[in-house]
Amino acid sequence: MTEISTANKLIGLANNSYGLKENAADCATEAFTPSLSDDDFKVQVQSVDKATDKVSIADADVVVSAGRGLKGPENWGGMIEELAEVLGAATACSKPVSDMGWRPHGEHVGQTGKPVATNLYIAIGISGAIQHLAGVSSSKVKVVINTDPEAPFFKAADYGVVGDAFEVVPALIEKLKAFKAANA
Ligand SMILES: Cc1cc2nc3c(=O)[nH]c(=O)nc-3n(C[C@H](O)[C@H](O)[C@H](O)COP(=O)(O)OP(=O)(O)OC[C@H]3O[C@@H](n4cnc5c(N)ncnc54)[C@H](O)[C@@H]3O)c2cc1C
């Protein structure tokens with residue numbers, strides 16, 4: 001257990017970084033009515049400005065992530081970014097993809113990249129190496145699209161599609177667009 005002993009305590013938690021845990025311990029609930037004035041809030045957020053209009057990995061409810069199975073950087077523009085746009089998702093990638101300069105380093109997720117603890121993580125053409133899984137396994141629902149049924153990511157997946165990303169992803173985009181149009 002960590003104890004903070006300073007008079008002023010500031011705690012920041014990333015989205016979904018802690019799951020719900022049931023605690024069997026007895027507890028008493030006590031009504032408490034604090035009396036606070038504006039002076040008690042010395043730090044106030046007046047506005048939040050984002051550098052881009054894209055959803056960031058840390059803020060995203062859904063992350064669409066792709067790996068070396070995508071073959072080249074040109075395949076993000078048409079397919080991966082479109083899927084992310086339809087879902088209102090952030091885009092991410094595996095380490096080799098950012099090392100090769102196919103995607104910016106800020107999108108690299110995993111042990112040595114950004115951690116992802118999102119509600120839905122869609123991994124496309126990513127094998128599921130231990131270093132990648134280490135950074136994304138806190139995500140609630142993981143969907144894997146991979147041609148290789150033996151890809152390690154399938155063992156960590158909630159839903160898996162064994163198939164070619166170049167066929168599965170466009171079909172998925174079409175279905176999602178049709179669903180959105182029907183429910184608009
Ligand atoms: C110290 C250390 C730290 C590391 N940290 C990280 C990290 O933070 N994040 C990270 O990601 N990696 C990290 N790595 C690298 C990691 O070990 C893997 O090499 C890397 O994750 C593999 O990336 P990949 O899955 O994109 O590529 P690959 O392993 O090459 O996998 C590509 C996958 O795409 C599939 N595929 C191919 N064609 C298609 C298609 N048409 N449709 C669908 N699927 C297809 C293949 O079956 C394969 O499973 C680290 C390694 C080390 C040693």
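Counting starts at 1 for both ligands and their atoms, following the listed order. Heavy-atom basis, side chains included; hydrogens, waters and symmetry copies ignored.
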Novice: Please confirm whether Ile126 approaches ligand 1 to less than 4.0 Å, judged on its heavy atoms.
Specialist: yes
Novice: Give a yes or no on whether Glu74 atom CD has more than 12 heavy-atom contacts from other residues, nucleotides or ligands under 6.0 Å away.
Specialist: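 Correct, the count exceeds 12.
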Novice: Donor-acceptor pair, distance only, cut-off 3.5 Å: does the side chain of Thr118 make one with the backbone of Tyr121?
Specialist: no
Novice: What is the nearest protein non-hydrogen atom to atom 40 (C) of ligand 1, stated with its residue, atom name and distance?
Specialist: Thr147 CG2, 3.7 Å
Novice: Nearest protein heavy atom to atom 33 (C) of ligand 1, by residue and atom, and its distance?
Specialist: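 Looking only at protein heavy atoms, the one closest to atom 33 (C) of ligand 1 is Gly125 O, 3.3 Å.
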Novice: Please tabulate, for the side chains in residues 168-184, all donor-acceptor contacts under 3.5 angstrom to protein atoms that are two or more places apart in sequence or on a different chain.
Specialist:
from   : atom 1 : to     : atom 2 : distance (Å)
Lys177 : NZ     : Glu82  : OE2    : 2.6
Lys180 : NZ     : Val86  : O      : 2.7
Asn183 : ND2    : Phe179 : O      : 2.7

Novice: Within the 4.0 Å heavy-atom shell around Gly113, which atoms of ligand 1 are there?
Specialist: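 Listed by number with element: 8 (O).
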Novice: Working to the nearest 0.5 Å, report the span between CG of Asp61 and CG of Leu87.
Specialist: 11.0 Å
Novice: Which value, rounded to the nearest 0.5 Å, describes the distance between Glu107 atom CD and Ser94 atom OG?
Specialist: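 These two atoms lie 11.0 Å from each other.
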Novice: Suppose I only count heavy atoms of Asp164 and a 4.0 Å limit; which atoms of ligand 1 are within that range?
Specialist: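 Near Asp164, the atoms of ligand 1 are 40 (C), 41 (N), 42 (N).
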Novice: Look at atom 5 (N) of ligand 1 and say which protein heavy atom is nearest, naming residue and atom and giving the distance to 0.1 Å.
Specialist: Thr112 OG1, 2.8 Å
Novice: Is Gly128 in polar range of ligand 1, meaning some N or O pair under 3.5 Å apart?
Specialist: no
Novice: Where's the contact between Val109 and ligand 1, heavy-atom distance under 4.0 Å: side chain, backbone, both or neither?
Specialist: backbone
Novice: Please identify which atoms of ligand 1 are closer than 4.0 Å to at least one heavy atom of Ala129.
Specialist: 16 (C), 17 (O), 18 (C), 21 (O)
Novice: Any protein heavy atom lying closer than 4.0 Å to atom 1 (C) of ligand 1?
Specialist: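 Protein heavy atom within 4.0 Å of atom 1 (C) of ligand 1: absent.
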Novice: Using modelled atom types and a 3.5 Å cut-off, is there a donor and acceptor pairing between side-chain atoms of Asn119 and backbone atoms of Val141?
Specialist: no
Novice: Using heavy-atom distances, let me know which of Pro96, Ala123, Gly69 sits nearest atom 37 (C) of ligand 1.
Specialist: Gly69
Novice: Looking at atom 53 (C) of ligand 1, what's its closest protein heavy atom, distance included?
Specialist: Gln131 NE2, 3.9 Å
Novice: Looking at atom 11 (O) of ligand 1, what's its closest protein heavy atom, distance included?
Specialist: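 Checked against all protein heavy atoms, atom 11 (O) of ligand 1 sits closest to His132 ND1, 2.8 Å.
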Novice: Looking only at the side chains, is there a donor atom on one of Thr112 and Gln131 sitting less than 3.5 Å from an acceptor on the other?
Specialist: no
Novice: Do me a favour and list the nearest non-hydrogen protein atom to atom 12 (N) of ligand 1 with residue, atom name and distance?
Specialist: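 Looking at atom 12 (N) of ligand 1, the protein heavy atom closest to it is Lys95 CB, 3.4 Å.
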Novice: Provide, to 0.1 Å, the distance between atom 30 (O) of ligand 1 and the closest protein heavy atom, together with that atom's residue and name.
Specialist: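 Of the protein heavy atoms, Arg68 NE, 2.9 Å lies nearest.
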Novice: Between Phe153 and His132, what is the ring plane arrangement, given parallel below 30°, perpendicular above 60°, and tilted in between?
Specialist: perpendicular
Novice: So which of Gly67, Pro115, Ser98, Ser127 gets nearest to atom 25 (O) of ligand 1, if we judge by its closest heavy atom?
Specialist: Ser127
Novice: Under the salt bridge (charged side-chain N to carboxylate O under 4.0 Å, His left out) rule, collect the residues that match up with Lys114, sequence neighbours excluded.
Specialist: none
Novice: Between Val136, Asp148, Asn146, flag the one that comes closest to atom 49 (O) of ligand 1 by a heavy atom.
Specialist: Asn146
Novice: Out of Ser94, Ala66, Gly163, Ser65, whose heavy atom is nearest to atom 24 (P) of ligand 1?
Specialist: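 That would be Ser94.
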Novice: Numbering the atoms of ligand 1 from 1, which are under 4.0 Å from a heavy atom of Gln111?
Specialist: 7 (C), 8 (O)
Novice: Check Phe166 against ligand 1 and report side chain, backbone, both or neither, counting heavy atoms closer than 4.0 Å.
Specialist: side chain
Novice: Going by heavy atoms in the side chains, are Asp99 and His105 under 4.5 Å from each other?
Specialist: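 Side chain of Asp99 against side chain of His105, heavy atoms only: contact under 4.5 Å found.
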Novice: To the nearest 0.5 angstrom, please state how far the CH2 atom of Trp102 sits from the CG atom of Asn75.
Specialist: 8.5 Å
Novice: When rounded to the nearest 0.5 angstrom, what distance separates OG in Ser65 from CD1 in Ile57?
Specialist: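 Reported value, rounded in 0.5 Å steps: 7.5 Å.
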Novice: Does Ala165 approach ligand 1 within less than 4.0 angstrom via side chain, backbone, both or neither, non-hydrogen atoms only?
Specialist: both
Novice: If the cut-off is 4.0 Å to any non-hydrogen atom of His108, which atoms of ligand 1 fall inside it?
Specialist: 7 (C), 8 (O), 9 (N)
Novice: Evaluate the side-chain contact (heavy atoms from CB on, under 4.5 Å) criterion for residues Gln111 and Lys95: first the C-alpha distance (whole Å), next the side-chain angles of each, then the deciding distance (0.1 Å), finally the verdict.
Specialist: CA-CA 9 Å; Gln111 182 190 316; Lys95 183 175 184 294; over 6 Å; no
Novice: Working to the nearest 0.5 angstrom, can you tell me the gap between Cys93 SG and Met100 CE?
Specialist: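 One finds 9.0 Å between SG of Cys93 and CE of Met100.
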Novice: Checking a contact table here: which protein heavy atom is nearest atom 38 (N) of ligand 1, and how many Å away?
Specialist: Lys71 NZ, 2.9 Å
